Amino acid sequence: MRTNLLGLDPGALAGFFAERGQKPFRAKQVLRWVHRCGESDFARMSDLAKGLREMLAQSAEVAPPRLVRESQAADGTRKWLLDVGAGNAVETVFIPEANRGTLCVSTQAGCTMACQFCSTGRQGFNRNLTTAEIVGQLWWVSNALRAQAAQTPAPAAAQTAGVTRSEDRLISNVVLMGMGEPLLNFDNVVPALRLMLDDHAYNLSRRRVTLSTVGIVPMMDRLRDECPVALAVSLHAPNDELRSRLVPVNEKYPLATLLAACRRYLERSPRDFITFEYVMLDGINDSAAHARELVGIAAEVPCKFNLIPFNPFPDSGFRRSPPEAIRRFAERLLAAGIICTTRKTRGDDIDAACGQLAGQVQDRTRRTVRIARFA
């Protein structure tokens with residue numbers, strides 16, 4: 001069986017070469033070929049000795065997930081459905097903006113968290129993705145965008161400056177906010193993060209890689225110690241009673257425990273604040289009283305709030321807060337001196353917006369997800 005090099009972080013790849021009597025710099029060369037250049041054919045890795053290329057062809061491979069389907073929204077957002085085997089497929093989304101390109105990556109086939117407003121959570125859960133399947137999303141999309149850029153003329157200003165489109169950083173930010181709870185797949189997610197951060201691979205700053213969690217407290221502490229990146233916490237409610245209804249894991253890790261973990265994380269975080277994600281649900285969590293409670297939370301943890309207009313999906317049982325209600329809610333937080341942004345909905349016409357990713361999941365949990373309908 002050949003080793004999929006997409007699943008080896010820098011340390012593991014160095015070990016792979018050491019076991020075969022190769023010097024450490026060979027790992028750095030191959031990291032650049034595989035991740036920087038998107039190369040999967042060892043024969044084309046021209047600065048490797050012929051014997052080494054032959055050895056790699058016999059013992060290794062670069063095998064990303066297989067493309068099932070690609071969709072593009074009217075606003076330029078692109079979504080890929082990638083086959084991860086046994087009837088499962090996951091979705092990854094690229095969001096282009098004027099000064100950045102953000103890739104939203106999945107970490108599990110399905111999700112066990114059962115957050116009531118999330119389409120992924122309604123599908124159930126099959127398994128964790130491997131490191132190769134997580135990094136494979138970044139590898140696959142990087143290649144797709146690179147190929148597209150090569151066919152698109154550079155802007156006149158860039159041509160004048162001698163800059164080609166192939167030199168642009170097409171993916172400047174990665175967010176682990178796709179299907180699944182990343183911290184429940186810790187042992188595969190952390191090696192993937194190390195590849196994203198490595199100078200010879202994707203060379204992303206820790207501030208530009210964001211992991212989103214519902215608040216798995218023990219794993220938050222491990223991430224702080226082993227590979228701290230920017231952290232976003234799915235809050236969605238300002239008190240335990242409401243949050244336990246919307247985000248069931250709150251019953252295990254209530255707000256006091258979660259906020260304490262956030263304070264500990266900030267000791268080593270690349271940012272000096274935690275981002276609290278807050279989906280806006282009409283008549284559920286969008287009142288003036290809820291905003292006042294969030295001001296109290298902000299007094300405990302340095303943070304900013306990212307308000308997310310709810311993105312509907314069939315039989316969700318929820319409605320998006322009206323724009324005026326979202327505006328007033330944000331103004332209350334801003335008036336209290338809290339940094340607050342409202343996320344622009346992107347890709348909702350192809351079900352690529354926050355909370356809409358579903359993919360294909362062969363549910364192994366054999367559970368019926370309780371659908372909470374709020375009157």
Side-chain angles (χ1 to χ4, degrees), residues 5-14 27-39 62 64-65 77-78 80 82 90 92-107 129-149 163 165-178 180 182-183 185-213 220 223-232 265-266 268-275 277 304 306 346:
L5 299 189
L6 289 177
L8 302 185
D9 70 9
L13 188 61
K28 296 178 181 178
Q29 285 181 295
V30 173
L31 276 174
R32 289 193 292 268
W33 275 111
V34 172
H35 300 288
R36 285 274 189 92
C37 302
E39 185 58 72
V62 178
T77 298
R78 297 171 68 180
W80 290 265
L82 301 174
V90 298
T92 187
V93 175
F94 178 69
I95 305 167
E97 299 178 80
N99 299 312
R100 68 169 63 185
T102 301
L103 184 68
C104 181
V105 171
S106 295
T107 56
L129 299 186
T130 65
T131 298
E133 290 165 341
I134 297 169
V135 173
Q137 296 169 63
L138 178 53
W139 187 93
W140 208 103
V141 175
S142 294
N143 272 7
L145 296 176
R146 190 181 295 114
Q148 181 188 47
V163 177
R165 290 297 298 272
S166 62
E167 292 170 341
D168 292 344
R169 182 186 288 277
L170 299 172
I171 298 175
S172 63
N173 296 67
V174 173
V175 293
L176 279 68
M177 296 183 184
L183 292 185
N185 187 12
F186 191 90
D187 291 339
N188 288 305
V189 163
V190 167
L193 291 175
R194 289 177 177 143
L195 281 166
M196 295 175 194
L197 300 172
D198 189 83
D199 292 347
H200 300 283
Y202 296 97
N203 193 29
L204 292 167
S205 160
R206 290 181 187 272
R207 295 170 59 87
R208 291 183 174 270
V209 178
T210 301
L211 183 145
S212 176
T213 177
M220 291 171 62
L223 185 68
R224 176 203 59 187
D225 293 339
E226 295 185 29
C227 191
V229 293
L231 190 69
Y265 193 87
L266 285 172
R268 299 186 182 179
S269 172
R271 293 181 180 269
D272 58 2
F273 62 86
I274 299 291
T275 297
E277 298 168 310
K304 80 167 190 177
N306 188 6
R346 299 289 302 271

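None of these values were measured; they are calculated from a predicted model. Along the sequence shown, the residues carry numbers beginning at 1.
Of the inter-residue distances, the one linking Leu170 atom CG with Gln148 atom CD reads 8.5 Å to the nearest 0.5 angstrom. The NE2 atom of His200 sits 12.0 Å away from the NE2 atom of His35 when rounded to the nearest 0.5 Å. Note: Trp140 CH2 to Leu145 CG = 9.5 Å, rounded to the nearest 0.5 Å. With values rounded to the nearest 0.5 angstrom, Asp272 atom CG is found 7.5 Å from Arg207 atom CZ. Between the CG atom in Leu13 and the CD atom in Gln29 there is a gap of 11.0 Å [rounded to 0.5 Å]. Leu103 CG to Ile171 CD1: the interatomic distance, rounded to the nearest 0.5 Å, is 4.5 Å.
The backbone N or O of Val90 lies less than 3.5 Å from no partner atom in the side chain of Ser106, so there is not a single donor-acceptor pair. For Arg208 (side chain) and Thr102 (main-chain N/O), no donor-acceptor pair under 3.5 Å exists by modelled atom type. Looking only at distances, a side-chain donor or acceptor of Ser172 sits under 3.5 Å from a matching main-chain atom of Gly101. Put simply, the side chain of Glu133 gets close to the backbone of Thr130: a donor and an acceptor are under 3.5 Å apart. Not a single donor-acceptor pair under 3.5 Å links the side chain of Thr92 to the backbone N or O of Gln137. In terms of modelled atom types and a separation under 3.5 Å, the side chain of Arg206 and the main chain of Val229 share no donor-acceptor contact.
Side-chain contact check for Val209 versus Leu193: some heavy-atom pair is nearer than 4.5 Å. With a 4.5 Å cut-off on side-chain heavy atoms, Leu176 and Val189 count as touching. Taking the side chain as every heavy atom from C-beta outward, Phe94 and Cys104 never approach each other to under 4.5 Å.
In this structure Glu39 satisfies the side-chain hydrogen bond (donor to acceptor under 3.5 Å, both in side chains) test together with Arg44, sequence neighbours excluded. Checked against side-chain contact (heavy atoms from CB on, under 4.5 Å), Ser212 has the following partners two or more places apart in sequence or in another chain: Met177, Ala232, Ser234, Glu277. Every residue two or more places apart in sequence or in another chain that forms a side-chain hydrogen bond (donor to acceptor under 3.5 Å, both in side chains) with Asn143 is listed here: Arg146. Remark: Ala147 engages no residue in a side-chain contact (heavy atoms from CB on, under 4.5 Å) (not counting sequence neighbours). When the side-chain contact (heavy atoms from CB on, under 4.5 Å) test is applied to Pro10, the partners found at least two apart in sequence or on another chain are Leu31, Arg194, Leu195, Asp198. By the salt bridge (charged side-chain N to carboxylate O under 4.0 Å, His left out) test, Asp225 pairs with Arg268, sequence neighbours left out.
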Evaluation steps, side chain to side chain contact (heavy atoms under 4.5 Å, CB included), between Arg100 and Ile95: CA-CA 9 Å; Arg100 68 169 63 185; Ile95 305 167; over 6 Å; no

Residues Trp139, Leu6; criterion side chain to side chain contact (heavy atoms under 4.5 Å, CB included); working and verdict: CA-CA 8 Å; Trp139 187 93; Leu6 289 177; 3.7 Å; yes

Side chain to side chain contact (heavy atoms under 4.5 Å, CB included) between Leu266 and Ile274, intermediate numbers included: CA-CA 7 Å; Leu266 285 172; Ile274 299 291; 3.9 Å; yes

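The shortest non-hydrogen separation linking Pro270 to Ala230 is CG-N, 3.6 Å. Shortest non-hydrogen contact noted between Val190 and Cys227 is CG1-CB, 4.1 Å. The minimum heavy-atom distance linking Trp80 with Ala144 is given by the pair CZ2-CB, 4.3 Å. For Leu129 against Asn185, the heavy-atom pair with the smallest separation is O-ND2, 2.8 Å. Tyr265 and Met220 make their closest contact through CD1-O, 3.5 Å (heavy atoms, listed as atom of the first residue, atom of the second, distance). Heavy atoms only, all atoms of each residue included: Val174 and Val105 are closest at CG1-CG2, 3.9 Å.
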